2 protein chains.
Amino acid sequence: MSKYQPTESELEILQLLWPNGPMTVRAVNDILNKNKDVGYTTTLKIMQIMLEKKLVIRDESKRTHVYEAKVAESEVQEKLLSKFINSAFRGSPASLVMQALGNHSASAEELEEIKALIDRIENNKNPE
Amino acid sequence: MSKYQPTESELEILQLLWPNGPMTVRAVNDILNKNKDVGYTTTLKIMQIMLEKKLVIRDESKRTHVYEAKVAESEVQEKLLSKFINSAFRGSPASLVMQALGNHSASAEELEEIKALIDRIENNKNPE
DNA sequence: TTCTTTCTACGAAAACATTCGTAATTAACA
DNA sequence: TGTTAATTACGAATGTTTTCGTAGAAAGAA
């Protein structure tokens, strides 16, 4: 995994690459522009920096390069999450979870899934 | 609530002010220096900026000023959490919760508390 | 009082991230 | 072919955050 943490703009681009797979700068920039104004060369530059940081790889066989995420979404999430728990929730994952559940909606299925996960954790910790 | 979001260093200081109550710059800087090297005037400057942003208030009646958090911890957490869910978990609180529970340890009591919270949410949504 | 330490205020430097203008090249097309 | 459009590379400008040096005032100690 890349030793670099993505910045905010880099993360925004990764969030497009992860679900969509390989994309051109143009495609990324078009999507970004649905929400805000970003110049084409701005997006290009950031993606070039991401290449240097090894957050992405690119296919240069054609003139129009195609970029692909090199870091896994779950790994990036895990790093960011650890940092976030420490910096905003005094290192308490439980208090983050409580706040997330309390103030943000989840579907009935998701809630069941979470309960099932907790059950599995409890059973592993207290095997009988 | 302050219209400003705390930066990382500002948040680090708020994390000291919240549990400890009013503190001097000296006290804050001493604690920060247990983990890393930070110059006294650096800490002072950041706390002065926090004052401008109205993240803290200060008592100037003595020569040595005493700073106190003005924003509530839960409010700051909530704002940061919303942003974090969007930027790192594609807007899915449930996937954040799953990852937090899966990779970070919580005590048995905390797990029960979380389950109880989920039960309350489920009952509110489907009252009988 | 005089010297030393501690504190605040201020501004500038350094570090980091974002944005964009420009030039060169390639592709597309009339 | 020759003109236009799209793409990359590069560097510089801008913006934001962090760090720190310096000066002056206040407090404490000898």
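Being a predicted model, the structure only gives us computed values, none of them experimental. Throughout, a chain's letter reflects where its sequence line sits, starting with A, and its residues are numbered from 1.
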Heavy-atom neighbours of A:Glu8 CD exceed 12 at 6.0 Å: no
Does atom NZ of A:Lys70 have more than 12 heavy-atom neighbours, drawn from other residues, nucleotides or ligands, at distances under 6.0 Å? no
Within the distance-only criterion (no hydrogens, no angle test), does the side chain of B:Glu10 pair as donor or acceptor with the backbone N or O of B:Thr7 below 3.5 angstrom? yes
Using a strict 4.0 Å threshold on nitrogen-to-oxygen distance, state whether A:Lys36 and A:Glu12 make a salt bridge.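 A:Glu12 and A:Lys36: salt-bridged.
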Pair A:Arg58 + A:Glu60: basic N to acidic O under 4.0 Å: yes
Between [X] ([atom1]) and [N] ([atom2]), how many Å, whole number?
X: B:Met47; N: C:dT8; atom1: CE; atom2: P; answer: 9 Å
X: B:Leu44; N: D:dT18; atom1: CG; atom2: C1'; answer: 13 Å
X: B:Met50; N: D:dT16; atom1: CE; atom2: C1'; answer: 17 Å
X: B:Ile13; N: D:dT18; atom1: CD1; atom2: C1'; answer: 11 Å
X: B:Arg58; N: C:dT8; atom1: CZ; atom2: P; answer: 8 Å
X: B:Glu52; N: D:dT18; atom1: CD; atom2: P; answer: 14 Å
X: B:Asn29; N: C:dT8; atom1: CG; atom2: C1'; answer: 14 Å
X: B:Leu32; N: D:dT19; atom1: CG; atom2: P; answer: 10 Å

Side-chain N or O of A:Gln48 less than 4.0 angstrom from OP1 or OP2 on D:dA9? yes
B:Tyr40 side chain near C:dT8 phosphate (N/O to OP1/OP2, under 4.0 Å): yes
Going through the distances and angles, do B:His104 and A:Glu78 end up as a side chain to side chain donor-acceptor pair (under 3.5 Å)? CA-CA 10 Å; B:His104 301 268; A:Glu78 184 45 37; 2.9 Å; yes
Quick tally for nucleotides 18-30 of chain C: nucleotides whose base has a protein heavy atom under 4.0 Å get B, sugar-phosphate-only ones S, the rest -, giving BBBBB--BBS---
